[in-house]
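A short write-up of the structure that comes next.
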Amino acid sequence: MKDETSIDRIIQVNDIQIGENLARLRKMQKIKQNDMVAKLQVNGISISIYSYNRIEKGTQNPTVSLLYACCHILGCDMNTLFAFHA
């Protein structure tokens with residue numbers, strides 16, 4: 001039961017597919033998920049393959065620092081990650 005102190009977790013919304021965009025960009029560069037996680041860890045992002053997989057599936061929210069590191073690794077900007085695809 002929720003009370004005033006409960007915090008609703010917001011999972012990626014339907015009109016912005018951040019996880020799908022990450023997966024698409026990663027696959028375009030032929031980077032495996034394990035390799036992406038390793039690159040993120042080298043960049044100071046503490047993340048497991050399980051968490052990264054959930055982000056790509058849209059069932060876990062990414063942090064801003066993770067998104068920034070992904071942009072650095074994938075050579076894109078935040079606008080690309082937040083692109084709307086109908």
Side-chain angles (χ1 to χ4, degrees):
M1 173 155 243
K2 293 184 180 182
D3 60 20
E4 297 86 39
T5 61
S6 296
I7 299 173
D8 287 330
R9 298 198 69 197
I10 300 172
I11 304 301
Q12 297 173 37
V13 293
N14 293 333
D15 58 345
I16 301 174
Q17 299 94 3
I18 299 168
E20 288 179 21
N21 291 341
L22 272 174
R24 180 178 43 79
L25 291 165
R26 177 183 58 75
K27 290 174 185 176
M28 283 173 50
Q29 295 189 25
K30 296 180 175 30
I31 300 173
K32 295 178 182 179
Q33 277 190 346
N34 286 337
D35 296 333
M36 185 67 176
V37 169
K39 289 174 186 277
L40 287 166
Q41 291 171 345
V42 166
N43 278 278
I45 305 298
S46 178
I47 190 167
S48 67
I49 185 68
Y50 175 74
S51 291
Y52 183 80
N53 181 273
R54 289 185 62 206
I55 290 168
E56 282 195 359
K57 288 182 178 180
T59 59
Q60 180 173 323
N61 287 327
T63 62
V64 173
S65 57
L66 178 127
L67 294 176
Y68 183 77
C70 286
C71 287
H72 175 74
I73 292 165
L74 298 171
C76 66
D77 61 12
M78 288 283 199
N79 290 328
T80 305
L81 295 183
F82 283 86
F84 173 79
H85 296 282

Sequence-distant partners of Ser46, side-chain contact (heavy atoms from CB on, under 4.5 Å), two or more places apart:
none
Between [atom1] on residue [X] and [atom2] on residue [Y], distance to nearest 0.5 Å:
| X | Y | atom1 | atom2 | result |
| --- | --- | --- | --- | --- |
| Arg26 | Ile31 | CZ | CD1 | 8.0 Å |
| Ile49 | Asn34 | CD1 | CG | 4.5 Å |
| Asn53 | Met36 | CG | CE | 13.0 Å |
| Arg24 | Glu56 | CZ | CD | 11.5 Å |
| Gln29 | Cys76 | CD | SG | 8.0 Å |

If you look only at pairs with a residue in residues 35-45, which of them pass as a side-chain hydrogen bond (donor to acceptor under 3.5 Å, both in side chains), with sequence neighbours excluded?
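For residues 35-45, and leaving out neighbouring residues, there are no side-chain hydrogen bond (donor to acceptor under 3.5 Å, both in side chains) pairs at all.
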Verdict with reasoning, Ile47 to Ile55, per side chain to side chain contact (heavy atoms under 4.5 Å, CB included)
CA-CA 11 Å; Ile47 190 167; Ile55 290 168; 3.8 Å; yes
How far apart are the closest heavy atoms of Ala83 and Asn21, and which atoms are they?
O-ND2, 3.1 Å
Which donor-acceptor pairs under 3.5 Å do side chains of residues 64-73 form with protein atoms, sequence neighbours excluded?
from, atom 1, to, atom 2, distance (Å)
Ser65, OG, Thr63, OG1, 3.2

